[in-house]
Amino acid sequence: MSAGGRPMTMRTPRHTPPCTPRSGAPAPPPPGLGPRTWAEVPRRSRQILVVSGRDRNAPVAIAILYELTAAGWRAGASRPAHNALNGWTDHHREGDLRSPIGVHTLTDAGGRLPDPGTRLPYDRSAGFTAGGAGLEGEPLSGSFDYVVAIDYNRRPGTSPLDRTRPLGPDRGGGIWLHIDHGGPTRGCVSLGKGPMKELLRALDLAREPVVVMGDAASLER
């Protein structure tokens with residue numbers, strides 16, 4: 001059920017066999033991911049959204065979806081993105097206006113608009129209505145038409161609207177991938193409406209997708 005009591009649209013994960021390069025050796029990581037970051041990626045993940053920030057204190061980033069094939073990690077299109085106003089942090093706190101660095105699973109989606117054809121559970125709800133203005137005065141209308149919950153300080157398997165915070169409310173929460181409103185976020189990552197729709201259609205729960213996010217220097221650790 002959604003946070004508002006509505007049933008979520010559920011997708012039955014299809015079986016995805018193990019996928020390794022033709023050499024039989026483990027695939028090397030996508031570009032820009034150092035050994036410490038790569039060690040945090042679940043070995044069964046076959047979809048990795050890499051969100052690489054310009055620097056630790058900047059609100060702009062590039063997002064690329066990588067999918068594991070028999071030839072290794074295949075990169076999708078490079079998409080401009082926004083992150084939090086003050087950049088990135090290894091220890092996110094409520095209200096710090098920084099996005100949490102790390103590797104997070106992607107298990108649940110939703111939005112104000114109908115399900116565009118994602119394989120993630122999808123909660124369509126009026127609760128995703130965004131109003132008011134962003135941090136630079138830009139209108140927020142439509143920002144939550146499509147969202148994917150980033151599993152930071154939340155309970156996977158629930159609507160993105162669920163407000164359960166396992167680490168406590170002081171560690172923030174409600175960190176989503178959502179539609180870009182033309183300015184920095186409070187902690188989320190935002191993409192253009194077209195790329196968000198494409199991402200929702202591409203993500204497959206059976207491929208155990210994750211987002212790897214942070215400034216470029218941190219991801220290279």
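Numbers here are sequence positions counted from 1.
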Main-chain N/O of H92 paired with R171 side-chain donor or acceptor, under 3.5 Å: yes
Extract all donor-acceptor atom pairs below 3.5 Å that involve side chains of residues 27-38 and protein atoms in other chains or at least two apart in sequence.
| residue | atom | partner | partner atom | Å |
| --- | --- | --- | --- | --- |
| T37 | OG1 | L219 | O | 3.0 |

Ionic contact status for D90 with R56, cut-off 4.0 Å: yes
Straight-line distance of L68 CG to I48 CD1, nearest 0.5 Å: 8.0 Å
Worked check of side-chain contact (heavy atoms from CB on, under 4.5 Å) between H104 and M213: CA-CA 8 Å; H104 310 286; M213 53 192 272; 3.8 Å; yes
Sequence neighbours excluded, every pair satisfying side chain to side chain donor-acceptor pair (under 3.5 Å) that has a member inside residues 181-195: E138-H181, D180-S190
Point-to-point distance, once rounded to the nearest 0.5 Å, from CG of L113 to CZ of R124: 7.0 Å
Steps toward side-chain contact (heavy atoms from CB on, under 4.5 Å) verdict (R79, E198): CA-CA 11 Å; R79 306 292 194 184; E198 292 172 7; 2.5 Å; yes
R98 side chain to N86 backbone, donor-acceptor under 3.5 Å: yes
Any donor-acceptor pair under 3.5 Å from R163 side chain to L161 backbone: no
R221 side chain to S218 backbone, donor-acceptor under 3.5 Å: yes
Residues L49, V210; criterion side-chain contact (heavy atoms from CB on, under 4.5 Å); working and verdict: CA-CA 6 Å; L49 179 66; V210 298; over 6 Å; no
Exam field: side chain Q47 to backbone A202, donor-acceptor pair closer than 3.5 Å: yes
Connected via hydrophobic side-chain network under 4.5 Å: I62 and W73: yes
Sidechain-backbone polar pair: R74 side chain, G72 backbone, donor-acceptor under 3.5 Å: no
Distance, nearest 0.5 Å, that separates CG of D204 from CG of L106: 12.0 Å
By ring pair (Phe, Tyr, Trp, His ring centres under 6.0 Å) - contacts of F128 (at least two apart): W176
Least distance between heavy atoms, A58 atom then D55 atom: N-OD1, 3.1 Å
Exercise: identify the closest heavy-atom pair between I179 and G142: CD1-O, 3.6 Å
Gap separating the CZ atom of F144 from the OG atom of S125, nearest 0.5 angstrom: 12.5 Å
S99 and N83: CA distance, side-chain angles, deciding distance, side chain to side chain donor-acceptor pair (under 3.5 Å) verdict: CA-CA 6 Å; S99 298; N83 52 277; 4.5 Å; no
Spacing of I101 atom CD1 and D215 atom CG [to the nearest 0.5 Å]: 5.0 Å
Test item: S78 side-chain N/O and I64 main-chain N/O as donor-acceptor pair under 3.5 Å: no
For the student: nearest non-hydrogen atoms of S45 and E208, plus distance: OG-O, 2.9 Å
R93, CZ atom: more than 12 neighbouring heavy atoms under 6.0 Å: yes
Same cluster (ILVMFWY, side-chain, under 4.5 Å), V211 and L200: yes
Closest non-hydrogen atom pair, P80 against L191: O-CD2, 3.7 Å
Main-chain N/O of L167 paired to N153 side chain as donor or acceptor, under 3.5 Å: yes
Shared hydrophobic cluster for Y152 and L203 (ILVMFWY, side-chain gaps under 4.5 Å): yes
Nearest heavy atoms of P121 and T107, plus distance in Å: CD-O, 3.2 Å
Test log, rule side-chain contact (heavy atoms from CB on, under 4.5 Å), inputs R112 and D145: CA-CA 5 Å; R112 187 182 63 86; D145 283 355; 2.8 Å; yes
Distance (rounded to the nearest 0.5 Å) between T105 OG1 and D151 CG: 3.5 Å
Where E136 and P184 come nearest, the two heavy atoms and their spacing: CD-CD, 3.4 Å
